[in-house]
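Notes follow once the structure below has been shown.
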Amino acid sequence: MRSAAAQRIDAIWRIESPKLIAGLARMVRDVGLAEDLAQDALVIALERWPEVGIPDNPGAWLMTTAKRRAIDLLRRNKLRDKKYEEFGRGSVMYTEQDLDRGMDGEIRDDLLRLIFTTCHPVLSQEARVALTLRLLGGLTTDEIAHAFLVAESTIAQRIVRAKKTLNEKRVAFEAPVGEEFKERLSTVLEVIYLMFNEGYTATSGGNWIRPLLCQDALRLGRMLAEIAPEEPEVHGLVALMEIQSSRLKTRIGPHGEPILLMDQNRAQWDQLLIRRGLIALERARALGRPLGPYALQAAISACHASARSASETDWARIAALYEALSRVMPSPVVELNRAVAIAMAFGPAFGLQIVDHLMSEPSMKGYHLLPSVRGDLLAKMDRIEEARQEFERAASLTHNERERDLLLKRAAEL
């Protein structure tokens, strides 16, 4: 069993490592080297802290230790002598007093630079996710691999290739400005939401949800909201994840089986997370700009959260919000969700018209939720045999074992 000191150090590392790597990356202008230096500092901490005790400000201790390692490394590399001299003369060691004198702004800027670097468009989506979870989430390669059900060696290769690509493409360690900031921000938000969604409804494997992945995505979202407080979509995404997270405990039964929204025990929804989500949504609205895709989805989730029972849900308002969402983010998936809302508000026949139209959409051909929704609407219209066939078809398309069992069960019940 690991010692209590080692467990405390792990917890400290999760909190401090993003700031540490971000600060070091600004200094050495190399994300890979920054992570190596941070890891060196962690190894030293694991050796010393159990004997001498954890310092009052572990973040400052880790930064000072890592920076000394950086200076030693640059000293040994004659090709970097000039860089070392500038670095050594122009930088001072971080101390607790330095932090007390107000380095918060600098740390926020460094974190913003780091998250825009790990989510840079030169990287593949898979690489962005892996690198962001590694450097900003503080997860090990094993933890990332477990979250996405892939081999640890695959994640390790993605991270190594991502760092190499950033170096080869000479990606600057800086946050974009102006219009480029808005364009790149959407990529960052996409990465965070992809992590959350994979935790909220796993695409494959034997578990319906992976709560730890949701928690890490939410932590990154909250961090981003602190360092980019003037961006409404950042608050919108946080609001969406907060409210969705409030349902996690009620989304599975005692044996891990999925429990759909309409069947969940709303008394067990986490009211603190709902309140936090509503506050974040209000922050997005207060910035005075039209609501974007994440804020609109958060508003939809807020409708569910405010209904004391499934029967009290304002489905007409949800349908209207999906209509607004379809204008800012046209998508067959959005249309499918709008069809569900319309069916709930005005009757299954109206929703089925939209769903039948989507059946000819090429991008929806392998999307298991399309026949699943169609089966549900057909069942409500007493077209039982058609509904059964749709549920079986949906089961054949999903890669999640729990979801497949649920769909086959619904087919059998019909």
* To do: Evaluate salt bridge (Lys or Arg N to Asp or Glu O under 4.0 Å) for K409 paired with E257, printing each intermediate quantity in order.
  => CA-CA 11 Å; K409 179 182 176 183; E257 68 276 13; over 6 Å; no

State whether the side chain of [X] and the backbone N or O of [Y] hold a donor-acceptor pair below 3.5 Å, judged by distance alone.
X: N207; Y: A202; answer: no
X: D376; Y: S372; answer: no
X: H120; Y: V122; answer: yes
X: E403; Y: E401; answer: no

Are the side chains of [X] and [Y] in touch, meaning some heavy atoms are under 4.5 Å apart?
X: F196; Y: L240; value: no
X: W49; Y: P58; value: yes
X: L37; Y: L33; value: yes
X: R251; Y: I259; value: no
X: L224; Y: L189; value: yes
X: T201; Y: N197; value: no
X: I12; Y: W61; value: no
X: L166; Y: L131; value: yes

Over all atoms of both residues, closest heavy-atom pair of [X] and [Y]:
X: C303; Y: L321; result: SG-CD1, 3.9 Å
X: L136; Y: P18; result: O-CG, 3.0 Å
X: M195; Y: V129; result: CE-O, 3.8 Å
X: P371; Y: L397; result: CG-CD1, 4.1 Å
X: M262; Y: A310; result: CE-CB, 3.5 Å
X: L281; Y: A299; result: CD2-CA, 3.9 Å

* Decide whether E190 and Q125 meet the rule of one side-chain donor and one side-chain acceptor closer than 3.5 Å. =>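 Yes.
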
* Asked: Is there a donor in the side chain of Q244 and an acceptor in the side chain of S301, or the other way round, less than 3.5 Å apart?
  ->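 Their side chains do contain a donor-acceptor pair, which is all the 3.5 Å distance test asks for.
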
* Got a salt bridge between R374 and D356, using NZ or NE/NH1/NH2 to carboxylate O under 4.0 Å? ->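 Result for this pair is yes, salt bridge flagged.
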
* Between R402 and D405, is there a side-chain N and carboxylate O pair less than 4.0 Å apart? ->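 Answer for the salt bridge query: no.
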
Can you tell me how far apart [atom1] ([X]) and [atom2] ([Y]) are? Round to the nearest 0.5 Å.
X: K380; Y: L352; atom1: NZ; atom2: CG; result: 11.5 Å
X: E392; Y: S396; atom1: CD; atom2: OG; result: 9.0 Å
X: D110; Y: L20; atom1: CG; atom2: CG; result: 10.5 Å
X: C119; Y: I192; atom1: SG; atom2: CD1; result: 6.5 Å
X: S17; Y: L139; atom1: OG; atom2: CG; result: 9.0 Å
X: D270; Y: R247; atom1: CG; atom2: CZ; result: 12.5 Å

Considering only residues two or more places apart or on different chains, which pairs with a residue in [range] satisfy salt bridge (charged side-chain N to carboxylate O under 4.0 Å, His left out)?
range: residues 117-130; value: none
range: residues 314-342; value: E323-R327, E323-R338, E335-R338
range: residues 139-159; value: R14-E143
range: residues 196-212; value: E198-R210

* Asked: Counting only heavy atoms not in E413, do more than 12 sit closer than 6.0 Å to its CD atom?
  ->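 Yes - once you tally the heavy atoms of other residues, nucleotides and ligands closer than 6.0 Å, there are more than 12.
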
* To do: For the pair L273 and I243, evaluate side-chain contact (heavy atoms from CB on, under 4.5 Å) and give the outcome as yes or no after the intermediate values.
  => CA-CA 6 Å; L273 288 174; I243 298 172; over 6 Å; no

Would you mind listing every side chain to side chain donor-acceptor pair (under 3.5 Å) that reaches into [range], with sequence neighbours excluded?
range: residues 277-291; answer: none
range: residues 166-180; answer: E180-R184
range: residues 220-239; answer: R222-E242

* Using the side-chain contact (heavy atoms from CB on, under 4.5 Å) rule, take L133 and L213 through it: C-alpha gap first, then chi angles, then the decisive distance, then the call. => CA-CA 9 Å; L133 281 173; L213 203 51; 4.1 Å; yes

* Could I get the full list of salt bridge (Lys or Arg N to Asp or Glu O under 4.0 Å) partners for R69, not counting sequence neighbours? =>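 If we apply the salt bridge (Lys or Arg N to Asp or Glu O under 4.0 Å) test to R69, skipping adjacent residues, the hits are D40.
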
* To do: Return each pair, listed once, that meets ring-ring contact (aromatic ring centres under 6.0 Å, His included) where at least one residue sits in residues 269-314; pairs must be two or more places apart or across chains.
  =>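 Those involving residues 269-314 are Y193-Y294, H304-W315.
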
Of all residues at least two apart in sequence or in a different chain, which pass the side-chain hydrogen bond (donor to acceptor under 3.5 Å, both in side chains) check with [X]?
X: S246; answer: none
X: Q271; answer: none
X: R308; answer: E312

* **Criterion side-chain contact (heavy atoms from CB on, under 4.5 Å) on K19 and L111, from CA distance to verdict** => CA-CA 6 Å; K19 294 179 281 187; L111 286 169; 3.9 Å; yes

* Could you please spell out the steps behind the side-chain contact (heavy atoms from CB on, under 4.5 Å) verdict for Y200 and L248? => CA-CA 7 Å; Y200 193 73; L248 277 173; 3.8 Å; yes

* Asked: Angle class for the F181/F116 ring planes (parallel below 30°, perpendicular above 60°, tilted otherwise)?
  ->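 F181 and F116: tilted rings.
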
* May I ask you to check if R26 and F173 form a cation-pi contact, with NZ or CZ under 6.0 angstrom from the six-membered ring centre and within 45° of the axis? =>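 No, R26 does not lie over the aromatic ring of F173.
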
